[in-house]
Amino acid sequence: MQRRLLLKGLLGFTTMAAAMTAMPRLAMAKWSKAFDNETVDGALKDLYGSTALTKDDKITLKVPEIAENGAVVPVTVKTKMANVTNISILADKNPQPLAASFTLPEGTAAEVSIRIRLGETQVVKAIVEANGKLYTTEQEVKVTIGGCGG
Amino acid sequence: MKIKAKMKRDMAVIKVLAKHPMETGLRKDKKTDKIIPAKFIKELVCKHGDKVVFHADFGRSVSKNPYVSFSFAGAQKGETVSMTWTDNTDETVTVEAPIK
């Protein structure tokens, strides 16, 4: 009985190990170096290959004007634009500005919510990619207690 | 990881709360003064059947225990969605949830 369990465990482990060695490459390919970039423009270039942004009122960026706790700042981005393929959120004064990037296949709504950290008072930018073009809107968030300190 | 999936008219609304420290690798341990190694989710993928309906890439600015919500079309009540996160240490967790 114990031997069987052991064998089962071993089998499970080897298949898991095989899956794990195959996985990272896939994940790495997707996760771009944009997240390591320390400037907004650099991150945009890494992510989209362009820094040409058009300001657009059709994007709604919902962030608190004053965030008492920078460690948890709720952000919602939504737009009525058609053919939205990607939404990204950047915080320009964080050590690495790019916070999150969402890839939205056809059928997924152009509305996402997330909670991010803000180290200090700064501008939060939302980028929407639609029909291959980049649109943006931004809002300042005043932070009372920073979210990145120890 | 907690998932709430609910139909709202023709859209499936998904709310996810992943349990994860989201360490940036920039923080120091106050007692030992040593840098706490980075451990953060890089990727969060939602599948409905075989179709990827949502793909999020995270940086270090995402809060501890990340919360994300989104919605997609083409699902029915009673079906399931599966969410998978992968972090920078290649740890991965997959959870399935029924659409209510």
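Fair warning: this is a prediction, and the values are worked out from it, not measured in the lab. Proteins get letters first, then strands, A, B, ... in listed order; numbering begins at 1 in each.
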- Message: Applying side-chain contact (heavy atoms from CB on, under 4.5 Å) to A:L104 and B:F54, what does each step give before you reach the verdict?
- Response: CA-CA 6 Å; A:L104 309 173; B:F54 182 77; 3.9 Å; yes
- Query: Can you tell if the side chain of B:L26 reaches within under 4.5 Å of the side chain of A:Q96, non-hydrogen atoms only?
  - Reply: yes
Worksheet item: Do B:V52 and B:I99 sit in the same hydrophobic cluster, where Ile, Leu, Val, Met, Phe, Trp and Tyr count as joined when their side-chain heavy atoms come under 4.5 Å apart?
Response: no
Okay, A:V73 and chain B: the region with an atom under 4.5 Å from a heavy atom over there is backbone
One should read off an interatomic distance between A:K93 NZ and B:S61 OG, to the nearest 0.5 angstrom, of 14.5 Å
* Do we see a donor-acceptor contact under 3.5 Å between the side chains of B:D57 and A:S101? -> no
When every non-hydrogen atom of A:A99 is compared with those of B:V62, the smallest separation belongs to O-CG2, 3.4 Å
Okay, A:E111 and chain B: the region with an atom under 4.5 Å from a heavy atom over there is backbone
(message) Go through it in stages, so that I can follow the logic: the residues are B:L17 and A:R115, the test is side-chain contact (heavy atoms from CB on, under 4.5 Å), and I'd like the CA-CA distance, side-chain angles, deciding distance and then a yes or no.
(response) CA-CA 10 Å; B:L17 189 66; A:R115 296 198 293 225; 3.6 Å; yes
Value for CZ (B:F58) from CD1 (A:I89), rounded to nearest 0.5 Å, stands at 9.0 Å
**Asked** Heavy atoms, side chains only, cut-off 4.5 Å: are B:V68 and A:V112 in contact?
**Response** no
Check whether B:V16 and B:V45 end up in the same hydrophobic cluster, where Ile, Leu, Val, Met, Phe, Trp and Tyr are linked by side-chain heavy atoms less than 4.5 Å apart. no
query: Can you tell me if CG on A:D57 sees more than 12 non-hydrogen neighbours from other groups inside 6.0 Å?
result: no
Are A:L61 and A:L90 joined in one hydrophobic group, where the rule is that I, L, V, M, F, W and Y side chains link up if heavy atoms are under 4.5 Å apart?
yes
The interface call for A:N86 against chain B, heavy-atom contacts under 4.5 Å, is neither
Discussion item. Is it true that, when you exclude A:K133 itself, more than 12 heavy atoms of the residues, nucleotides or ligands shown sit nearer than 6.0 Å to its NZ?
Written reply: no
Discussion item. For the CD atom on A:Q139, are there more than 12 heavy atoms of other groups (residues, nucleotides or ligands in this structure) within a distance under 6.0 Å?
Written reply: yes
Membership question, hydrophobic clusters at under 4.5 Å side-chain separation (ILVMFWY): are A:M81 and A:V77 in the same one? yes
When the 4.5 angstrom heavy-atom criterion is applied to B:I41 and chain A, the contacting part is neither
How about A:F102 and B:F70: are their ring centres within less than 6.0 Å of each other?
no
Donor-acceptor check, side chain of A:R117 to backbone of B:R60, threshold 3.5 angstrom: yes or no? yes
So, the part of B:K15 with a heavy atom under 4.5 Å from chain A: the answer is neither
Cut-off 4.5 Å, heavy atoms of chain A, and the answer for B:N65 is backbone
Checking the side chain of B:S63 only, and the main-chain atoms of A:A71 only, is there a donor and an acceptor separated by less than 3.5 Å? yes
Starting from B:Y67, can I reach B:W85 by hopping between I/L/V/M/F/W/Y residues whose side chains sit under 4.5 Å apart?
no
Review point. Is the CD atom of A:E68 crowded by more than 12 outside heavy atoms at less than 6.0 Å?
Key: no
Next item on the list: Answer yes or no: are there more than 12 heavy-atom neighbours, outside B:K51 itself, under 6.0 Å from its atom NZ?
Entry: yes
